[in-house]
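Scroll down for the structure; my scribbles are underneath it.
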Amino acid sequence: MKRVLTSEVSQHAGKEIKVQGWLHKKRLLGGLNFIVLRDRGGLVQIVVEDDAEVEKLRGLQIGTVLEVTGKVHKEERAPGGAEIREPKITVLVPVEHESPIEIDKPLSHKPENLDTLLDNRAIGLRNLQEQAIFKIQAKVLEAMREYFKKNDFTEMNTPKLLAGATEGGAEVFKLDYFGKEATLAQSAQFYKQMMVGVFERVFETNPTYRAEPSATTRHMTEYITIDAEMGFVTFEELRSFAGGMLHYIVNKVWQDCDKELKMWNAQRPVLADPIPSIPMKEIHELYTKATGTGTVGEDDLRPDEEKWVCEYAKKNLKSEAVYVTEWPVSSMKFYHKINEKNPKVADRSDLLFRGVEIATVPMREHRYEVLVNQLKAMKGDPEAPGFKYYLQAFQYGLPPHGGFGWGLERTVEKIIGLHNVKEATLFPRDINRLTP
RNA sequence: GGGCUCGUAGUGUAGCGGUUAACACGCCUCCCUGUCACGGAGGAGAUCGCCGGUUCAAACCCGGUCGGGCCCGCCA
């Protein structure tokens with residue numbers, strides 16, 4: 001007999017079927033008993049009246065792997081409108097140990113309980129509500145891929161084992177590479193720019209590694225970056241493209257993930273089109289005026305300031321996402337493009353969404369000589385292995401281009417309304433966690 | 001790296017000097033023919049993170065230590 005998925009059981013009313021899955025819940029009432037079976041399609045209720053069948057489950061815990069054959073009945077009182085009766089139960093894999101965490105009701109996501117949640121991840125993820133986070137994550141990725149493909153991007157994969165740091169700033173992980181020192185990629189930056197010379201438009205969705213000793217709700221040492229780069233593009237076009245992607249993601253997720261979003265009571269974000277922009281200087285002034293905390297003159301936004309400006313944009317600009325523009329050159333990377341009209345600022349925008357930065361969206365300096373000079377000015381050696389091959393691409397012709405690095409887990413966290421990026425990561429890695 | 005906090009049955013919490021450490025969920029036994037957070041009766045399960053100190057007496061106070069969390073810095 002062919003296996004039927006729980007989600008398709010109701011289509012087999014009146015027929016004998018076989019289902020396979022995990023014991024999700026036992027409700028033993030006595031003469032009439034209900035067990036709930038979970039498979040990739042969801043849940044199905046099985047009514048067990050035969051004592052001998054009930055007895056097969058004695059001592060077996062949630063998680064036990066079962067095969068059940070029985071007759072499908074349309075039944076209004078059953079969840080999903082159908083159930084399996086007169087079952088013959090076969091225990092495929094008995095589980096005798098009690099589950100370390102419960103999987104049939106919402107798990108605690110309180111910060112102080114995160115350790116339990118993550119230590120028992122393999123079991124906890126069987127919880128339907130936990131699964132929903134990652135179905136939404138998969139949908140976000142699907143939406144991004146679709147959006148890239150519609151815009152004629154080529155998907156690629158660049159190496160994560162590197163000879164040297166790809167850019168200044170973030171700390172890198174160092175490791176032994178057959179006696180030489182290698183690093184883990186802290187960004188696909190250089191490779192995606194090189195690939196502009198090949199495909200014009202490229203993207204990848206791969207891990208990024210940062211050895212930052214950060215212990216916050218927004219940082220991990222390994223996370224997925226959606227890296228994109230496009231040639232022959234103006235700053236305005238680039239910003240419009242990235243903003244369009246957030247719109248596309250939200251539309252897609254709210255179209256396809258209704259059930260999952262409801263499990264978390266996720267509220268659809270209000271987004272203006274185009275995503276509004278506020279220069280950093282103006283944000284500092286507004287924030288200082290509103291809170292009394294003096295940030296005027298600073299070359300970055302404080303975390304609290306990022307939250308504040310998102311609230312401000314929601315209230316005044318009808319958008320829960322906002323671009324921070326006109327970044328001072330004092331905090332720019334050597335490969336960023338300095339604004340042609342105002343040399344005090346770089347052509348960079350950070351996309352803030354519901355209080356956190358989810359993407360950095362800058363233009364790159366594409367002129368070889370200018371780029372080398374900017375590198376040297378920041379004490380970089382153009383001959384170093386980390387830079388040499390990167391610069392080669394420019395020497396042989398790269399058009400004006402720009403791109404972005406977009407944090408997948410932060411995006412999912414904020415779409416759902418979670419409070420820690422680790423909640424939106426299957427097996428998070430941070431300064432305190434390397435397992436499971 | 002700095003600051004502030006928290007470690008009590010499998011899980012989530014209460015207790016904050018004084019007999020046997022309490023409650024909920026889960027687990028075990030029994031009852032229960034429409035449950036769906038089933039209900040009812042009973043039961044098992046905790047050297048109160050660890051080490052030391054103060055005290056007649058420490059889960060509780062003090063010091064140290066280990067492990068978390070949150071914020072800042074840094075970063076996406």
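Sequence lines set the chain letters: A, B, ... in the order given, protein chains first and strands last, and positions in each chain run from 1. Note that the structure is predicted; figures quoted are calculated from it, not measured. Because only heavy atoms are used, hydrogens play no part in the values below, and waters and symmetry mates are left out as well, while side chains stay in.
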For B:rG34, does the base pair up with any side-chain atom of A:Glu76 as donor and acceptor (N or O, under 3.5 Å, distance only)?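 Flag unset: no donor-acceptor pair detected.
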N or O in side chain of [X] less than 4.0 angstrom from [N] OP1/OP2:
X	N	value
A:Arg27	B:rC38	yes
A:Gln61	B:rG10	no
A:Lys105	B:rU11	no

Is the gap between the ring centers of A:Phe387 and A:Phe334 under 6.0 Å?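 Here the rings of A:Phe334 and A:Phe387 have centres that are less than 6.0 Å from each other.
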Quick check on RNA chain B: between A:Glu306 and A:Asn120, whose nearest nucleotide comes earlier from the 5' end?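 The residue whose closest nucleotide sits nearer the 5' end is A:Asn120.
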Interatomic distance at C1', B:rA14 relative to B:rA9, whole Å: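 It comes out at 14 Å once rounded to the nearest Å.
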Describe the nucleic acid contact of [X] in one word from base, sugar-phosphate, nothing, applying a heavy-atom distance below 4.0 Å.
X	value
A:Leu107	nothing
A:Asn113	sugar-phosphate
A:Pro100	sugar-phosphate
A:Gly30	base
A:Glu96	nothing

Summarise protein proximity over nucleotides 66-71 of chain B in one line of letters, 5' to 3': B for base, S for sugar-phosphate only, - for none, counting protein heavy atoms closer than 4.0 Å. --SSSB
So does A:Asp115 pair up with A:Arg433, basic N to acidic O under 4.0 Å?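 Yes.
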